[in-house]
Protein chains: 2
Amino acid sequence: MISDGSDLLALRKNNTLSSLVAEKIETYIMDGRLSAGERINEAVLARELGVSRGPIREAARLLSSQGLVEFVANKGAFVRSIDRDELLEIYDLRAVLTGYACMRAAARHKDGTSILRDLHKQMSDAAENNDAAAYYTLNLQFHEHLINLAQSPRLKAMTDGLIKETHLFRQVSLQRHPDMAQSNIEHGEILAAIENGDEKRAQKLGESHVRSGKKRFEKAAVNLVSTED
Amino acid sequence: MISDGSDLLALRKNNTLSSLVAEKIETYIMDGRLSAGERINEAVLARELGVSRGPIREAARLLSSQGLVEFVANKGAFVRSIDRDELLEIYDLRAVLTGYACMRAAARHKDGTSILRDLHKQMSDAAENNDAAAYYTLNLQFHEHLINLAQSPRLKAMTDGLIKETHLFRQVSLQRHPDMAQSNIEHGEILAAIENGDEKRAQKLGESHVRSGKKRFEKAAVNLVSTED
DNA sequence: TCCTGGTTAACTGTTGACAGTTTGCGATTC
DNA sequence: GAATCGCAAACTGTCAACAGTTAACCAGGA
């Protein structure tokens with residue numbers, strides 16, 4: 001049996017234009033080059049990326065079922081935008097999934113927490129220096145690795161999807177002002193619970209950590225009643 | 001303000017060929033006309049549906065990010081197939097999400113349970129008559145309405161997605177032999193908890209109900225070690 | 001000044017054609 | 001007879017063009 005074959009096959013993966021374009025559009029959305037609600041002009045984007053409209057459309061359709069893009073008949077593809085209530089819904093779901101991830105992580109806590117420990121330390125530094133930007137990226141990484149520990153590809157896909165959708169909220173900035181010190185204390189407690197293999201406690205802490213993120217957002221967003229322009 | 005405009009717009013929704021084709025392919029997968037692992041021949045399908053290959057490809061890309069279809073470079077689109085372990089993973093996730101749904105349902109239990117009561121009754125009849133086929137469809141409906149009560153579109157989308165993936169397991173039949181009587185007793189308990197507004201209990205029961213479904217499957221599938229052909 | 005109707009430009013939805021890759025079949029060689 | 005190489009058919013990936021729809025703009029009239 002030559003098992004190298006499948007490896008090579010896996011390596012060349014998705015080298016189709018559509019996939020590359022999809023990734024491109026996704027990064028455009030993430031870094032704000034395409035902002036929430038904006039229309040995606042196929043012809044312009046095609047010229048910009050040096051491809052024809054076919055792959056653009058395929059990519060958009062792919063992103064549409066991830067919830068990042070919305071198709072309107074005869075009007076085209078739009079970057080989706082979500083309102084406050086939807087963002088709150090996402091927080092709730094993330095809370096449940098994060099709790100579950102922590103539980104699983106605690107159940108199979110054979111090492112693997114070293115990266116988290118490291119990130120936790122870095123975040124402490126960022127918190128002390130009041131470096132919100134650094135904390136923000138580290139926080140994303142922390143939560144990503146947390147999910148990885150659960151070793152459930154679908155759980156990861158779901159969580160990733162939710163976090164991506166998070167960027168479709170117009171006032172993204174409102175999500176970026178955590179009480180860093182408090183937030184990182186919670187991270188530490190979660191870590192400890194996982195390392196101790198305390199599944200129930202890990203689940204509870206993970207869930208309430210995201211919930212308190214939600215509460216922080218609600219407090220920050222208390223002024224805006226409706227995001228209508 | 002003329003608000004009829006948006007309604008009309010919502011009505012004409014997704015009347016694009018790609019969406020229709022996507023639905024078509026999905027039903028083909030669900031009813032087994034396209035079986036797990038099978039390749040989707042674009043030209044043939046296009047001729048069959050009387051459209052060109054473009055919409056077919058867009059539809060396939062859409063389904064690919066739902067996990068129903070898999071693209072391999074230069075080889076085309078394949079109906080995905082999942083193995084035993086993946087199915088177990090799906091059970092676990094569904095358990096968590098169902099539990100959460102039941103909790104939310106209990107929290108907002110203003111009526112709405114009448115349909116569930118009705119379904120519960122019908123399922124009792126099906127169980128008595130030992131009508132597994134009827135029970136199977138009723139069960140799907142029951143769980144769908146359960147999720148609806150939670151009033152969270154994303155939660156519903158996630159659960160729907162997981163249930164669809166369920167059909168990608170080759171021996172679908174292995175999932176269709178519940179202990180109908182016992183299963184429906186659990187349904188009744190869940191219903192009662194929701195109607196009493198007992199969130200915690202509803203969550204716990206919802207979760208363990210799906211878990212016991214998982215256990216039943218594991219028992220039924222104990223013979224197959226690996227689904228390798 | 002405001003509304004109405006028609007015209008035109010821009011853009012999407014779909015199609016058919018072309019180029020490159022894969023795969024299976026058959027001929028050739030050991 | 002078995003294995004290898006090469007060719008040809010089939011199919012995917014991509015592109016460019018056509019048809020239909022939308023939306024904005026301008027002119028004319030109340």
Side-chain angles (χ1 to χ4, degrees), chain A residues 1-2 4-25 28 34-35 37-65 68-80 229, chain B residues 1-25 28 34 37-65 68-80 229:
Chain A
M1 275 290 166
I2 302 167
D4 294 327
S6 66
D7 290 331
L8 282 173
L9 225 71
L11 211 156
R12 76 178 326 190
K13 224 167 73 173
N14 270 343
N15 271 352
T16 163
L17 275 189
S18 310
S19 322
L20 297 178
V21 170
E23 284 176 33
K24 207 80 178 174
I25 295 180
Y28 281 5
L34 283 172
S35 53
E38 192 175 341
R39 189 175 112 244
I40 297 176
N41 189 322
E42 297 175 2
V44 171
L45 194 58
R47 214 178 314 135
E48 212 172 297
L49 298 179
V51 300
S52 76
R53 280 174 52 218
I56 303 277
R57 286 184 63 84
E58 282 184 28
R61 269 270 149 43
L62 192 142
L63 294 177
S64 84
S65 87
L68 293 184
V69 162
E70 199 172 16
F71 268 82
V72 181
N74 292 320
K75 291 181 74 177
F78 295 78
V79 179
R80 264 199 55 208
D229 282 340
Chain B
M1 274 293 168
I2 302 164
S3 66
D4 294 328
S6 67
D7 290 329
L8 283 172
L9 225 73
L11 212 155
R12 76 179 326 191
K13 223 166 74 173
N14 270 344
N15 272 353
T16 162
L17 275 188
S18 310
S19 322
L20 297 178
V21 171
E23 284 176 34
K24 207 81 178 173
I25 295 180
Y28 280 5
L34 284 171
E38 191 175 343
R39 189 175 113 244
I40 297 175
N41 189 321
E42 298 174 1
V44 171
L45 193 58
R47 213 178 315 134
E48 213 172 297
L49 298 179
V51 299
S52 74
R53 277 175 53 220
I56 304 275
R57 286 183 63 83
E58 282 184 28
R61 270 268 147 50
L62 193 141
L63 294 176
S64 84
S65 85
L68 294 184
V69 162
E70 200 172 15
F71 269 81
V72 181
N74 293 320
K75 292 180 75 177
F78 296 78
V79 180
R80 266 200 54 209
D229 282 340

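Within every chain, numbering begins at 1; the chains are lettered A, B, ... in the order of the sequence lines, protein sequences first and strands thereafter.
When the C1' atom of C:dT21 is taken as reference, atom CG of B:Asn74 falls 5 Å away, rounded to whole Å. Rounded to an integer number of Å, the gap from B:Arg47 CZ to C:dT15 C1' is 16 Å. Between the P atom of C:dT22 and the CZ atom of B:Phe78 lies a distance of 12 Å, rounded to the nearest Å. Atom CZ of A:Phe71 is separated from atom P of C:dC11 by 16 Å (rounded to the nearest Å). Whole-Å rounding puts the B:Leu17 CG to C:dG16 P distance at 12 Å. The CG atom of A:Leu45 sits 14 Å away from the C1' atom of C:dC11 (whole-angstrom rounding). As a whole-Å value, the separation of B:Leu49 CG from C:dT15 C1' is 15 Å. In this entry the distance linking CZ of B:Arg57 with C1' of C:dT14 reads 15 Å, nearest Å.
For A:Arg80, the salt bridge (Lys or Arg N to Asp or Glu O under 4.0 Å) test picks out A:Glu86, A:Glu165, with sequence neighbours left out.
Here the closest non-hydrogen pair linking A:Glu58 and B:Arg57 is OE2-NE, 2.7 Å. Nearest approach of B:Phe78 to B:Gly37, heavy atoms of both residues: CD2-O, 3.7 Å. Heavy atoms only, all atoms of each residue included: B:Pro55 and B:Ser18 are closest at CA-OG, 3.8 Å. Annotation for B:Ser65 and A:Leu62: closest pair OG-O, 3.1 Å, computed over non-hydrogen atoms. Here the closest non-hydrogen pair linking B:Val69 and B:Ala60 is CG1-O, 3.9 Å.
Using a 4.5 Å cut-off on side-chain heavy atoms (C-beta onward), A:Arg61 and B:Ser19 make contact. Looking at B:Ile25 and B:Leu45, their side chains come closer than 4.5 Å, going by heavy atoms from C-beta outward. Considering only heavy atoms from C-beta on, A:Val51 stays 4.5 Å or farther from A:Leu20 through its side chain.
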Dump the pairs, protein N or O against N or O of nucleotides 16-18 of chain D, anything under 3.5 Å, distances to one decimal.
none

Between protein and nucleic acid, restricted to nucleotides 7-11 of chain D and to nitrogen or oxygen atoms under 3.5 Å apart, what atom pairs and distances do you find?
unit_1, atom_1, unit_2, atom_2, d
D:dC11, OP1, B:Asn41, ND2, 3.2
D:dC11, O3', B:Arg39, NH2, 3.1

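Distances shown here put a side-chain N or O of B:Thr16 below 4.0 Å from the OP1 or OP2 atom of C:dT14.
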